[in-house]
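As structure tokens, the structure follows; a few thoughts come after it.
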Amino acid sequence: MSSQPRYEQISIDLLDLDTENPRIRKWLEQYSEPPTFEQMLLALGAGASDSEGGSTTTFQSLKESIRAQGGITNPIFLKPTTGGRFRVIEGNTRVAIFRSFREDKVKGNWDYIPALVYDDIHPSEVEAIRLQCHIVGPRQWDPYSKAKYLDHLLNVQNLPITRVVDLCGGRKREITEYVNAYHDMEKYYRPLLESDSDFDPQRFSAFIELQKADVKNSIAQSGFTMKDFAQWVASRNIDPLNTVRALPRILRHPQARAKFLAVNAREALKLLDVPTAPELTSVQLDQILLALIERLDVLPYPEVKALKKDPGGSRAQLLLQAKDALVDLCNDISGE
Amino acid sequence: MSESSVHTELVRSLCNWAVIQTKSSAIEVMYSDLPEISLGDKPPSINGYFPDMYCVSRDGEPIFVGEAKTVRDLESKRSRDQIAAYLRFLALHESSALVMAVPWRAVPTARSLVRAIQRISGLLAVSVHFLEMLPG
């Protein structure tokens, strides 16, 4: 950097949001006049809910987290302009949230925001900051580590769950599932391993899926235990991990259950799948793919809702299988 | 480090490991898929797949089949098919082993994956060695 930044608490009235910020530029380009604060807020809300490499942070959850914490921990980055004002280099969303809280008279002090001010910053360094913040980005913790930390907060530090939920920006159900999944994995899976070096945190998502409605019940009703489930995870009878959702259907079906116990869920599901229409076996792959794309394009919304409601259902599971197969093939084609 | 550089480093680790083994065994020839190795010294196809490292003894018997996998590639269908193909081949040759090189954080995943393939294909007798503490 050409100069060291200085840390200050800056009045939010002195801040101009950066309309050139890549996150919102695409939304603001539709206005011919300079955007109003309300238009900026809409753009930030829309831009922040984009899928960002698996990140689940949304505008709304960031807002709730800032509200619960009464502020922010990471300072925003500013560049002085004229008349004692500053341009936001990084932190548009946080500034917008502070302003909306002040406008809505949310309890707390939203007049000043912690900032790092770069007095003499070259445009290329501004781009470097944006690249580091949004293209490289902070490294997300893996789901097992998140769950372990949540458990530490709740059960070692004894923070009330309402407080943890608020700090995480809501999502109580998700947090409870994470912590319960962590307990199940530690209680049933870890003791099965020969040594701690065999512990595979990647298997954690199976225990997350285990928390979904009906999975535990169907395991118990079929005469199995949580220890059996952990053994299936360890020996990869449950493979791929998203097939946990299909366990109720597999365990109800005698042949599928036998195949599941002998091989794995992937093979068991084939016994539950709709048989291929005989006339499709002679059709070219290109034609099948085109037909699939066209069919998905016009899938009625009630059907999408039905799939969402029953992710363990045969159609949803077939879609997930098709996705896995396509991703595998596409990765091979692109050499990744 | 890019995916392909990680892979190359993993293959190099396989070769280094095999060289150390040479001192105590009868390795005659080592083939590898390193960039600097000429085409004639690349590993042969095994049941339709080309491993990253292949060692044979003086009498031409296979000793090691080595495969390097990045974290991203490890769980793919192609990887599973590849590992199954090598296990089927090694099951026919006593005193041989599959050697897997994956980044350190993927070793437990690789272990459970290979064990599951062995269980499903009835090839539990094939010995498998996992290199430890590799970067990536």
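Because the structure is predicted, anything quoted here is derived from the model rather than measured. A note on names: the letters A, B, ... follow the listed sequences, proteins ahead of strands, and every chain is numbered from 1.
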Whether over 12 other heavy atoms sit under 6.0 Å from [X] [atom1]:
X       : atom1 : answer
E36(B)  : CD    : yes
E61(B)  : CD    : yes
R315(A) : CZ    : no
Y31(B)  : OH    : no

| task | Name the region of I117(B), side chain, backbone, both or neither, that has any atom closer than 4.5 Å to a heavy atom of chain A. | result |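 Neither; nothing under 4.5 Å.
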| message | Is there a salt bridge (Lys or Arg N to Asp or Glu O under 4.0 Å) between R236(A) and E75(B)? Walk through the geometry before answering. | response | CA-CA 12 Å; R236(A) 284 184 179 247; E75(B) 296 257 16; 2.9 Å; yes
| request: Pick whichever of N264(A), N237(A), V327(A), D324(A) has the most heavy-atom pairs under 4.5 Å with chain B. | output: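 If we count pairs closer than 4.5 Å to chain B, N237(A) comes out on top.
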Just how far is it from atom [atom1] of [X] to atom [atom2] of [Y], taken to the nearest 0.5 Å?
X       : Y       : atom1 : atom2 : value
R80(B)  : R266(A) : CZ    : CZ    : 4.5 Å
R203(A) : S112(B) : CZ    : OG    : 4.5 Å
R111(B) : D200(A) : CZ    : CG    : 10.5 Å

| So what's closer than 4.5 Å to chain B heavy atoms on A325(A): side chain, backbone, both or neither? |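 For A325(A), there is no contact with chain B at all, as no heavy atom is under 4.5 Å.
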| query | Can you say whether D239(A) sits under 4.5 Å from chain B via the side chain, the backbone, both, or neither, judging by heavy atoms? | reply | side chain
| field | Option that, when pairs with chain A are counted at under 4.5 Å, heavy atom only, ranks first among V107(B), T109(B), T70(B), I120(B) | value | T109(B)
| Test item: R119(B) side-chain N/O and S235(A) main-chain N/O as donor-acceptor pair under 3.5 Å | yes
| request: Apply side chain to side chain contact (heavy atoms under 4.5 Å, CB included) to the pair S197(A) and E132(B), showing each step before the final yes or no. | output: CA-CA 11 Å; S197(A) 64; E132(B) 301 277 353; 6.0 Å; no
| query | Would you call R115(B) and D198(A) a side-chain contact if the rule is heavy atoms closer than 4.5 Å? | reply | yes
